[in-house]
Amino acid sequence: MANKPLVNCPTCEKQQEWSTDNPYRPFCSERCKLIDLGAWAAEDYQIAAEPSTDDYSSSYDDPESKDHMDRPLH
């Protein structure tokens, strides 16, 4: 039987065998999985992207802007 590959837990870096016996893989435990989920929920992880003209926030008129009254709403 071939050896299973070793992987590091993305949260704690603990090295472990990649196994279907671990229901939390790629994490080593439920604790590490929940820590990672909490980081996503807190928006600690972000994917860099250029702002898009389709972005809804780009249509927001800043009321603090001097000339906001001179521009049409949309």
Side-chain angles (χ1 to χ4, degrees):
M1 196 157 60
N3 289 340
K4 294 180 181 177
L6 295 177
V7 295
N8 290 340
C9 173
T11 302
C12 71
E13 299 294 322
K14 177 181 170 185
Q15 197 171 57
Q16 61 188 343
E17 279 189 350
W18 180 265
S19 171
T20 56
D21 295 336
N22 177 4
Y24 308 112
R25 68 182 186 276
F27 305 97
C28 66
S29 65
E30 181 179 25
R31 177 184 175 273
C32 284
K33 183 177 182 177
L34 291 175
I35 289 170
D36 186 74
L37 177 61
W40 277 105
E43 298 183 359
D44 291 343
Y45 303 135
Q46 297 181 6
I47 299 172
E50 291 295 322
S52 168
T53 56
D54 293 335
D55 185 4
Y56 290 110
S57 65
S58 66
S59 65
Y60 174 76
D61 286 327
D62 182 4
E64 301 297 323
S65 176
K66 292 180 192 173
D67 64 347
H68 80 281
M69 299 299 282
D70 298 332
R71 293 181 301 204
L73 292 177
H74 292 285

Practice task
With sequence neighbours left out, write down each residue that passes side chain to side chain contact (heavy atoms under 4.5 Å, CB included) with T20, or none if nothing qualifies.
Solution key: R25
Practice task
Using a 4.5 Å cut-off on heavy atoms from C-beta on, say whether the side chain of F27 contacts that of I35.
Solution key: no
Check residues 8-15 and write down every donor-acceptor pair under 3.5 Å in which the side-chain atom is one partner and the other belongs to a residue at least two apart or another chain.
from	atom 1	to	atom 2	distance (Å)
T11	OG1	C32	O	3.1

Practice task
Begin from the C-alpha positions of L6 and E17 and carry the test side chain to side chain contact (heavy atoms under 4.5 Å, CB included) through to its verdict.
Solution key: CA-CA 4 Å; L6 295 177; E17 279 189 350; 3.8 Å; yes
Completion exercise
For L37, the hydrophobic cluster (side chain heavy atoms closer than 4.5 Å, chained through members) also holds L34
Problem - E30 (side chain) donor-acceptor with P23 (main chain) under 3.5 angstrom - result: no
Exercise for the section: Calculate, to the nearest 0.5 Å, the distance between atoms CG and NZ belonging to D21 and K4 respectively. Expected result: 5.0 Å
